[in-house]
Amino acid sequence: MYAALGDVAAARAAFACLPERDVVAWTALVGAYADAGELGEAFELFETMQESGVRPDVISWNTLVSGFARNGDLRAALHLFDEMRLRGVKPGVNSWNCIISGCVQNARYDEALSIFCEMCESESPDAVTVASILPACTGLMALGIGKQLHSYVIRCGIKLNVYIGSSLIGMYSECGEFGYARSVFAAIEEKNATVWNELIRSYINEERMNEAWEAFRLMKENGLQPDTITYNSFIAAYARAGQKEQAYTLLSNMVEIGLKPNVVSMNALISGLHHHGRHADALEAFRYMQVSSDGEAKGWALPGNSIQPNGTTITSVLSLLTDLRLDRLGKEVHCYAFRSGLISNIFVSSKLVDLYGKTGDVGTADKVFRRISNKNVVTWNSILASYRQNRKPEIALKLFHEMIKSNLLPNLVTLQIALLSSGMTMALQHGRELHGYIRKNWPDGYPTALASALIDMYGKCGKIEDARLVFECTDEKDIATWNAIMSAYLLHRIPGEVKKLFKYIEQSGIQPDPVTFIILLSACKQEGSMEEARRYFYSMEDVYGIQPTLKHYTCMVDIMGTAGLLEESLELIQKMQLEPDGCLWSILLKACKLHSNLEIGEKAAKALFELEPNNTSNYMSLSNIYADNGLWESTEALRVAMTEQGLNVERQCSRLYLGTDVHTFEAGDSSHPAFEKILSTWNDLSDRMEQSGYPPQDIEPYSNAEADPLSCQHTERIALCYGLISVRVHDPIRISKNFRMCMECHSSIKFISRDMNREIFVSDGCTYHHFQNGACSCGDMW
DNA sequence: ATAGGGTTAG
């Protein structure tokens, strides 16, 4: 009795008074401790029972197994289940039910199903088994197995009770089989609130709100009171639809009829509104339940109620703060997660890695990542994406290999990030290895999303033919596939092919997306065909119903500005319905420089620095403009202004790819073992350039270690020299650097490509240069 | 003495 009441101490006292302790008494005590979550104690009692000569029977084992499983230690539960069989105790149907429901409760649906199959070899599943395994089918969207279980229930004459019935409705409704869901509902003789809730949810899932409310009314008519879960389902529906007022009305309705909104109600509000893009409203909902640092409730809208955030809350909120780039509040939530222990929730910790990665603090992202003990694929994907987004793709690739070594299987997202990272670093060999891996794991054709990522990778690695091959071999092309091949041609400066591909798109009736037009407009820019760009730009809305975004306007300003139509560009900016951003102004600024239009140029610069006072790259581009015009004093003034504002400029560095090895050359760093050789190689080249009549190269590659961070520090020359020494003669040299190349480097590499007869690729964050025979694919425009 | 359903999340 005490065990059932959850009073462990009383149960223990009662147990101590027993004159005789049989297996039933011992097991009851073990169960009491297991229920209380005191697993260590439960296990010790189990041992003590055996030491005192009482042999555990099958129910004792079941008690222990389910105790561990329910308290989240599935590993131990599985181990005990094996141990039981090793000790010659044959598991009964109940034992199988214990371990299966344990797996399901821990969301290990695949494991649950395989144990279920094992069970079917020796036992017949009963009503409890079916009710336990059905949620696994729902979780895996395994409609086929679910249907088989349904027919098993009918065939064996198992009564369609509320447990099996509600699980079946849930399964069918989750799999989109609403008709089946309704007929199961009709077949349940004694319906309870759960069954009605499932029916309502099936209507909500089908977006039939009128029927959902009709069911709500009928539920009451049949004498069943809607409960918190009923209301939460409606709240979630309205929040997802962005209907904040309706959702809040339901909250107060709940309170009026004496129901307490719980943490799920609030989570539904937060995540629903967030998904609908109502970020401010979602944040407001969280503030209602926010807890201050001393643990006191700051103010929950409904008096007398304070709802503690749980793992789901924190996950949703972190996701929201990431989208809003509110890293300061994110840190507060991080502290809260730490204090409350929610940090051990894998959803929470993965989201934290995401947050820090997306807000540019990859160092903290890495620290959080390292401390996660139960890393899964999503955790790894988060850290890989963080490094990639923070322009450290070579670390992303290194971690990818670490992940493989730790025996975790990469998923589609992992492979996408790895391919993107390979493309970014031009790590062709990595990319090829990934391609091999993908072919091996999807022998009958891989998902289209991976095809697009492969096309992107080959394009960025300079292998346009391979990109084309993957494109041609992809049967089910979606718009992303087309965009990928088009942007590969764009990268290789073959705008004619981009437009040709778009013609196919038009002819085959595929709907282009906003990205398609960015690529198209950029192709027009490469060709300098302004009229065509205009036509595409206006056809977006008129023909395809796509609203131009800021990026499209930026392309247009770029093209028109380059063509010298500065007044018209400014007009376009002023006429558009969108707020111009820094990027748009900086493009206009560049065009103004090109045509020496100081008047509009100053307007653009003023707007730019107002918008992004802390963006170092803006100063970079302005500095480049000054430098190109020989305005050294202005460059210096800019550098002083930046120092005064405490801005740090990212160190310049170039990377050279040798197979899967990456050599990094940072500005001012002469620690490379081949330093002397690099220097002498450069001196030789310098001499040869001078003899050939190239303009004198007055910049020593290592001389300006502490120099102005805004001027090019020519790290690509160092990388190139090392490449000339170490890359096999007929292999291309691949370099990527984090800043735009300067004019001098560009012309000297052109020279070297002819003089040394080498193929050289340089990606400089602005564009992609392919040097061959003294020419560059960028046509000297970048 | 053991086992069964529903709302929120990447």
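Quick note: numbers below take in every heavy atom, side chains included, and nothing from hydrogens, waters or symmetry partners.
Counting non-hydrogen atoms under 4.0 angstrom, A:Ser316 reaches the backbone sugars and phosphates but no base. Looking at heavy-atom distances under 4.0 Å, A:Asn381 makes no contact with the nucleic acid at all. At a threshold of 4.0 angstrom between heavy atoms, the contacts of A:Asp354 with the nucleic acid are absent. As judged by a 4.0 angstrom heavy-atom cut-off over every strand, A:Thr194 is placed among the base-contacting residues.
The aromatic ring of A:Phe347 sits over the base of B:dA9, with ring centres less than 5.5 Å apart and planes inclined by under 30°.
Counting to the nearest Å, the C1' atom of B:dT7 and the CG atom of A:Leu250 are 13 Å from each other. Rounded to an integer number of Å, the gap from CE of A:Met119 to P of B:dA3 is 15 Å. In this structure, A:Leu224 atom CG and B:dG6 atom C1' are separated by 14 Å, rounded to whole Å. For A:Asn262 and B:dG6, the CG to P distance is 15 Å, given to the nearest whole Å. Taking atom CG on A:Leu160 and atom C1' on B:dG4, their separation rounds to 14 Å, with Å as the unit. Atom CG in A:Leu134 sits roughly 15 Å away from atom C1' in B:dA3 (whole-Å rounding). Rounded to whole Å, the distance from CD1 on A:Ile229 to C1' on B:dG6 is 5 Å. Between the CH2 atom of A:Trp26 and the P atom of B:dA1 there is a distance of 17 Å, given to the nearest Å.
Distances were taken from every side-chain heavy atom of A:Asn345 (C-beta onward) to each of B:dT2, B:dT7, B:dA9; the shortest belongs to B:dA9. Relative to the side chain of A:Ala268, the nucleotides B:dG5, B:dT8, B:dA1 differ in distance, and B:dT8 lies closest. Of the listed nucleotides (B:dG10, B:dT2, B:dT7), B:dT2 has the atom at the smallest distance from the side chain of A:Ser66. Listed nucleotides B:dA9, B:dT8, B:dG4 differ in distance to A:Ala236; the shortest reach to its side chain belongs to B:dT8. Relative to the side chain of A:Ile346, the nucleotides B:dG10, B:dA1, B:dG6 differ in distance, and B:dG10 lies closest. Among the nucleotides B:dT7, B:dG5, B:dT2, the one closest to the side chain of A:Asn192 is B:dG5. Closest to the side chain of A:Pro135, out of B:dG5, B:dT2, B:dA9, is B:dG5. Checked against B:dT2, B:dT8, B:dG6, the side chain of A:Asp227 finds its nearest nucleotide in B:dG6. Taking only side-chain atoms of A:Thr63, from C-beta outward, the nucleotide of B:dT7, B:dT2, B:dG10 with the closest atom is B:dT2.
Dashed line: the shortest gap from a side-chain N or O of A:His275 to OP1 or OP2 of B:dG10 is under 4.0 Å. An OP1 or OP2 oxygen of B:dA1 is reached within less than 4.0 angstrom by no side-chain nitrogen or oxygen of A:Ser60. For the pair A:Arg70 and B:dA3, the criterion of a side-chain N or O lying under 4.0 Å from OP1 or OP2 is met. For B:dG4, the OP1/OP2 oxygens have a side-chain nitrogen or oxygen of A:Gln105 closer than 4.0 Å.
Checked against the 6.0 Å centroid criterion, the rings of A:Tyr180 and A:His150 do not qualify as a close aromatic pair.
Contact of A:Ser167 with B:dG5 (side chain to base): no donor-acceptor pair of N or O atoms is detected under 3.5 Å.
For the residue pair A:Asn345 / A:Asn310, no side-chain donor-acceptor distance below 3.5 Å is found, with atom types taken as modelled. Judged by distance alone, the side chains of A:Asn232 and A:Asn267 never bring a donor and an acceptor atom under 3.5 Å apart. A:Ser173 and A:Asn205 share a donor-acceptor pair across their side chains, judged by distance under 3.5 Å alone.
Under the ring pair (Phe, Tyr, Trp, His ring centres under 6.0 Å) test applied with A:Trp196, the options A:Phe185, A:Phe216, A:Tyr203 reduce to a single match, A:Phe185. Shown are A:Phe68, A:Trp26, A:Trp61; of these, the ring pair (Phe, Tyr, Trp, His ring centres under 6.0 Å) with A:Phe46 is made only by A:Trp61.
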Original post:
When you look at A:Phe116 and A:Trp96, which way does the ring pair (Phe, Tyr, Trp, His ring centres under 6.0 Å) test go after all the steps?
Top reply: CA-CA 8 Å; A:Phe116 173 72; A:Trp96 291 100; 9.6 Å; no
